[in-house]
Amino acid sequence: MAYRKRLLVLDDERDIAEFVRDVAIESGYDALASNSSAAFPSVYSSDIDVVVLDLMMPGTDGIEIIRFLAECGSNTSVILISGYNAGVLHSAQELASEHGLHVIGSLTKPIRYEELEQLLATVPALLPMRRLSDTGRLEKPGIDEFIAAIDNGEIVPYFQPQLDIASQTLIGVEALVRWEHPYRGLLPAGLILELAHEADLLVELSTCVLNQSLTQCRKWLEEGLKTLVSINMSADIFKDLGLPTMLEEQLQMHRLDPGQITLEVTESALMQELVKSLDTLTRLRMKGIALSIDDFGTGYSSLVQLHRIPFSEMKIDRSFVVNALTDEEALAIVKITIMLGHELGMKVIAEGIENRQTWDLLATLGCDAAQGYFIAKPMPGDALSAWAQSHRTLH
Ligand code: C2E
Ligand code: MG
Ligand code: MG
């Protein structure tokens, strides 16, 4: 029998709950409406694919329901409804995502039929997930396997191009770690970082990616390709007072200028240990190595801190760039970041540019450089020269 997705709608206004239920049934769902938030825990079951939730209800409100879903480890999708302004909806959406819930959209009252119908069409079924666990998904690799992989050279950097927006030319690449696993395929950065964290090997991971990136940079130069390379560093590494000298030696060994590398560190990680890192960061800059503040906008740096650290570059977090065309608040953050970066004398780069419209928007806003799938996805080091040759301008 065909799998029918299941929907549960909770809204204290009975006619709205029933309206959502009816649209869902017309869209092929098994749907249930409830107008009592107190009864929600007894109506909800873990096989429900999507919960449509009113935020503003008397008694138990929508935020409490989100907490309930998170506490029972639910992996349902969520659609939020609210009479509030966009700001409140946005905050609730963030909160739900932080609790690990998959928010697929939000609706403001009065709800429009087409809008709801479209959202319902995008709800992923829980079924494939259940099937996956039934048939036994491949387990996460163990720490021993990970340590062996570092030694075997399976942990490698891929490189994603960065373009100067005005000239559309290649100015640099960002090294992004990947695991070329012999039978699991190409494993992503998130998993590798998780394992490195568990094994207390974050610093070793940074060093491993750094060494390979410098070797690759030298190779490119020999192929006639001059490009800067940015390397992501875990914040802990900056507490090591020996880092500037170690880097200088590495650069000399590979016959590279300090100006050819940029070290990226995420805003949120760095600010926690700022005092211990300031010495190293300042000396790195004095030696001519560029420093980039990554995922800007997601941490809590104050203007004073930004002024104290000698950053040369600011990277606007992907979440703002991706939403800048459709979300006014994301657009405001992008605009302010560009202004702030420029006022502090930094180069501003936008990551996560996925289409021509976003590229055009960032160009209009005066952003300096861009990185994203619209330009190219991360690729192995030996593919970059060919890419650079075939890339002239963006079509
Ligand atoms: P990041 O440094 O902010 O890197 C950008 C991430 O966005 C990369 O994910 C990249 O593949 C992805 N990306 C680039 N363009 C687009 C786009 O247009 N659309 C979308 N949806 N995504 C895009 P990735 O490679 O999975 O890396 C995730 C994070 O892991 C990185 O974020 C970085 O913080 C960390 N990381 C990656 N490599 C290393 C490493 O060697 N050492 C350390 N310490 N962290 C690393
Ligand atoms: Mg980065
Ligand atoms: Mg980033």
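Counting convention: from 1, in listed order, for ligands and their atoms alike.
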Self-check item: Proximal ligand 1 atoms for Gly352, defined as those under 4.0 Å from one of its heavy atoms
Solution: 16 (C), 17 (C), 18 (O)

Quiz item: Quick one: which of Lys315, Arg318, Gln160, Glu264 has a heavy atom closest to atom 6 (C) of ligand 1?
Solution: Arg318

Quiz prompt | Centroid-centroid distance, Phe159 to Trp387, less than 6.0 Å | solution = no

Quiz prompt | Ion pair check, Lys109 and Asp54, cut-off under 4.0 Å | solution = yes

Practice problem: Just say parallel, tilted or perpendicular for the rings of Trp179 and His181, cut-offs at 30° and 60°. | Solution: tilted

Exercise. Mark up the atoms of ligand 1 that fall under 4.0 Å of a heavy atom belonging to Asp294, in ascending order.
Key: 1 (P), 2 (O), 3 (O)

Exercise. Give the atoms of ligand 1, by number and element, whose distance to some non-hydrogen atom of Glu174 is under 4.0 Å.
Key: 1 (P), 2 (O), 4 (O)

Practice problem: Report the nearest protein non-hydrogen atom to atom 36 (N) of ligand 1: residue, atom name, distance rounded to 0.1 Å. | Solution: Leu193 CD1, 3.8 Å

Quiz item: Where's the contact between Pro157 and ligand 1, heavy-atom distance under 4.0 Å: side chain, backbone, both or neither?
Solution: neither

Quiz item: In terms of side-chain heavy atoms, does Asp164 have a donor or acceptor partner in Ser167 at a distance below 3.5 Å?
Solution: yes

Practice problem: Could you name the option among Val156, Asn355, Asn232 that has the heavy atom nearest to atom 42 (N) of ligand 1? | Solution: Asn232

Practice problem: Just go through Ser206, Pro188, Ala189, Ala350 and tell me whose heavy atom is the nearest to atom 24 (P) of ligand 1. | Solution: Ala189

Quiz prompt | The one among Tyr158, Phe374, Tyr373 that brings a heavy atom closest to atom 16 (C) of ligand 1 | solution = Tyr373

Exercise. State whether the number of non-hydrogen atoms from other residues, nucleotides or ligands found under 6.0 Å of His307 atom NE2 is greater than 12.
Key: no

Self-check item: NZ/NE/NH1/NH2 to OD/OE distance under 4.0 Å, Glu313 and Lys347
Solution: yes

Self-check item: Minimum-distance atom from the Mg ion (ligand 2) among N, O or S atoms of Glu174
Solution: OE2

Self-check item: Pairing of Arg67 and Glu71 as salt bridge, 4.0 angstrom limit
Solution: no

Quiz prompt | Where ligand 1 meets Val209 - atom numbers and elements under 4.0 angstrom, heavy-atom basis | solution = 41 (O)

Quiz item: So, does Glu354 sit close enough to ligand 1 that a heavy atom of it is under 4.0 Å from the ligand?
Solution: yes

Quiz item: For atom 32 (O) of ligand 1, is the nearest protein heavy atom under 4.0 Å away?
Solution: no

Quiz item: Taking only heavy atoms of Glu351, which atoms of ligand 1 are found under 4.0 Å from at least one of them?
Solution: 3 (O), 5 (C)

Exercise. Check whether any heavy atom of Gly190 sits under 4.0 Å from an atom of ligand 1.
Key: no

Practice problem: Answer side chain, backbone, both or neither: which part of Ile353 comes under 4.0 Å from ligand 1, heavy atoms only. | Solution: backbone

Exercise. Let me know which of Gln160, Gln162, Lys315 forms a side-chain hydrogen bond (donor to acceptor under 3.5 Å, both in side chains) with Glu174.
Key: Lys315

Quiz item: Is any NZ, NE, NH1 or NH2 atom of the basic residue among Glu154 and Arg184 found under 4.0 Å from an Asp or Glu carboxylate oxygen of the other?
Solution: no

Quiz item: Side chain, backbone, both or neither: which part of Leu176 has a heavy atom under 4.0 Å from ligand 1?
Solution: both

Practice problem: Would you check whether Lys377 reaches within less than 4.0 Å of ligand 1, judged by its heavy atoms? | Solution: no

Practice problem: Report yes if some N/O of Val177 lies less than 3.5 Å from some N/O of ligand 1; otherwise report no. | Solution: yes

Quiz prompt | Number of protein N/O/S atoms that sit closer than 2.8 Å to the Mg ion (ligand 3) | solution = 4

